[in-house]
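Read through the structure below, which is laid out as structure tokens, and then see the notes.
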Amino acid sequence: MAIEIKVPDMGESVTEGTIARWFKAVGEAVAADEPLVEIETDKVTVEVPSPGAGVLTEIGADEGADVEVGTVIGAIDETATATAKPAAETANSDDTAPAETPAEPAEAPAQAAGSGDSMDVKVPELGESVTEGTVGRWLKQVGESFAADEPLVEIETDKVTAELPAPAAGTLIEIVAEEGVDVEVGAIVGRITTGEAPAAPAPATPETPAASEAQEAPAASANTEHPLSPAVRKLVDEHGLNPAAIPVTGRDGRITKGDVMRYLDSRDTGGAPAAPAAPAAPAAPAFVSADDLPERAEDPRGEERVRMSKLRQTVATRLKQAQNTAAMLTTFNEVDMQGVIDLRARYRDDFEKKHGVKLGFMSIFVKAAINALKELPSVNAEIHGDEIIYRNYYDIGIAVGGEQGLVVPVLRDADKQSFAQIESQIADFGQRARDGKLTMKELTGGTFTI
């Protein structure tokens with residue numbers, strides 16, 4: 001019985017795509033849901049799975065051909081017998097000289113997995129208009145086993161952070177995309193084997209350099225042997241680019257839309273038309289990498305750096321845009337201070353006799369603010385590039401009146417000071433502010449201001 005292979009629905013407003021690559025040749029056996037062909041559009045690259053198990057008997061659209069949604073591009077016979085060699089064997093037989101040597105490393109992962117099958121872990125559809133994400137965190141390491149549907153890796157986008165579950169119980173044998181790497185929908189981020197765990201991860205070692213060289217080779221210069229996708233062709237034609245000059249990162253040396261955009265960003269602006277580049281400005285990252293900023297000395301009192309997820313960066317960008325474009329307002333909240341007033345009235349005289357300084361409200365406010373900052377550490381933090389720096393110290397800025405108006409000297413390590421020390425230092429700040437004797441060092445570096 002023949003089963004038709006059709007171009008699937010690839011998202012709203014997407015009516016056609018380009019055949020990028022066939023994973024199977026006519027005559028090869030295929031399993032149900034096994035990827036058959038890769039189709040590129042101006043928004044996404046999708047892999048079309050096999051609608052059933054059988055043999056690929058017909059390819060109706062060759063690589064590079066444009067096809068509409070719903071078009072029949074091939075057929076599978078459920079009763080036929082496979083006749084064609086698998087692609088890996090064909091490649092080895094054509095390259096006679098090195099055929100003997102690379103064959104063993106290429107088969108090492110499958111052998112290491114015992115009786116299990118090797119499977120790719122791919123980035124799934126992450127929502128409408130989302131074409132890529134960032135590998136946030138691997139929840140499993142190479143050699144670790146897991147159960148079916150157990151989370152393997154987190155993928156962060158500007159809208160959501162998604163966990164990729166294991167398609168079956170098995171063992172992680174390779175991490176293809178490390179943490180922090182941007183990956184497109186459909187990209188392979190790792191590989192697993194089902195069944196027993198590999199006896200030892202050593203066989204993967206000789207494969208790593210070869211795989212690394214294979215990935216680095218196409219990145220050095222563009223490969224123009226493959227047809228350009230509609231999205232890439234549109235950008236190349238609009239900007240008059242030479243595809244051979246664009247460094248590529250796509251699978252098998254294919255030029256992706258991201259490659260073209262990066263090339264346009266890095267190209268000398270003197271030879272590029274300024275007008276087409278303008279619309280891309282709002283899409284530029286709002287946060288630069290902390291590694292690209294001048295080195296910031298770490299405070300010896302203790303700090304913790306945490307990289308912001310794409311979702312958090314997007315939220316921060318939207319809030320800043322709102323601050324720049326929308327009217328701001330001030331809110332007032334009433335607090336019952338009667339308990340504090342009674343406490344101050346009861347101990348004011350004894351406090352002044354013992355410490356030589358009056359007990360005011362400000363020292364109580366400082367202690368209350370510190371307790372709140374300990375419960376909400378993000379309020380005591382700062383943003384440095386794409387990182388949040390959480391500070392384990394509390395330098396509280398205190399607004400005092402001077403001849404030139406309000407100034408804000410900083411009360412260092414306020415959490416370690418007593419009420420008397422805080423009141424004494426605030427009084428000293430007030431006097432020196434009126435005399436104009438505060439130093440610049442005393443007016444900078446606060447983590448929170450009252």
Side-chain angles (χ1 to χ4, degrees), residues 1-11 14-95 106 110 117-125 131 176 184-188 191 214-215 217-218 222-233 243 248-257 259:
M1 178 181 176
I3 305 176
E4 292 182 338
I5 305 168
K6 296 182 179 181
V7 179
D9 187 355
M10 294 177 287
V14 178
T15 59
E16 67 173 8
T18 301
I19 302 294
R21 180 167 63 133
W22 280 93
F23 299 113
K24 296 291 183 178
V26 172
E28 282 193 54
V30 295
D33 296 326
E34 184 178 4
L36 289 178
V37 60
E38 187 177 71
I39 299 179
E40 294 179 348
T41 74
D42 57 352
K43 293 185 177 180
V44 296
T45 298
V46 298
E47 291 181 347
V48 179
S50 172
V55 174
L56 182 63
T57 57
E58 180 184 352
I59 291 180
D62 293 327
E63 295 180 0
D66 293 333
V67 289
E68 295 183 352
V69 171
T71 302
V72 177
I73 55 176
I76 294 173
D77 191 335
E78 293 180 305
T79 60
T81 303
T83 58
K85 292 183 179 180
E89 294 181 11
T90 304
N92 285 340
S93 61
D94 292 340
D95 193 4
D117 295 327
S118 177
M119 300 177 65
D120 293 333
V121 181
K122 298 181 181 180
V123 180
E125 293 287 346
T131 60
V176 176
E184 295 182 352
V185 171
I188 297 173
R191 292 186 176 87
Q215 292 172 359
N223 187 338
T224 56
E225 296 178 359
H226 301 287
L228 303 180
S229 69
V232 172
R233 171 56 63 189
V248 300
T249 60
R251 185 183 298 170
D252 297 334
R254 296 176 187 275
I255 302 176
T256 66
K257 184 178 179 180
D259 293 334

- Would you say the side chain of V176 lies within less than 4.5 Å of the side chain of R191, judging by non-hydrogen atoms? yes
- State, yes or no, whether a side-chain contact exists between I39 and I19 at a heavy-atom distance under 4.5 Å. yes
- Quick one: CZ on R21 to CD on E47, what's the gap to the nearest 0.5 Å? 7.5 Å
- Query: For P51 and E4, which heavy atoms make the closest approach, and how far apart are they?
  - Reply: CG-O, 4.0 Å
- With the side chain counted from C-beta on, respond yes when L56 and I5 share a heavy-atom pair under 4.5 Å apart, and no when they do not. yes
- Item | Approximate separation, where rounding is to 0.5 Å, of K6 NZ and I73 CD1 | 11.5 Å
- Here the pair of heavy atoms bringing S50 nearest to A31 is CB-O, 3.3 Å
- List for me each residue that meets side chain to side chain donor-acceptor pair (under 3.5 Å) alongside D77, sequence neighbours excluded, and say none if there are none. T79
- Note on the structure: Taking every heavy atom of A61 against every heavy atom of V67, the minimum-distance pair comes out as CB-CG1, 3.8 Å
- Item | Which atom of V48 lies closest to which atom of P8, heavy atoms considered | CG2-CD, 3.7 Å
- Message: Using a 3.5 Å distance criterion without hydrogens, assess whether the side chain of E38 forms a donor-acceptor pair with backbone atoms of F23.
- Response: no
- Query: Excluding sequence neighbours, so at least two apart, what forms side chain to side chain donor-acceptor pair (under 3.5 Å) with E34?
  - Reply: K24
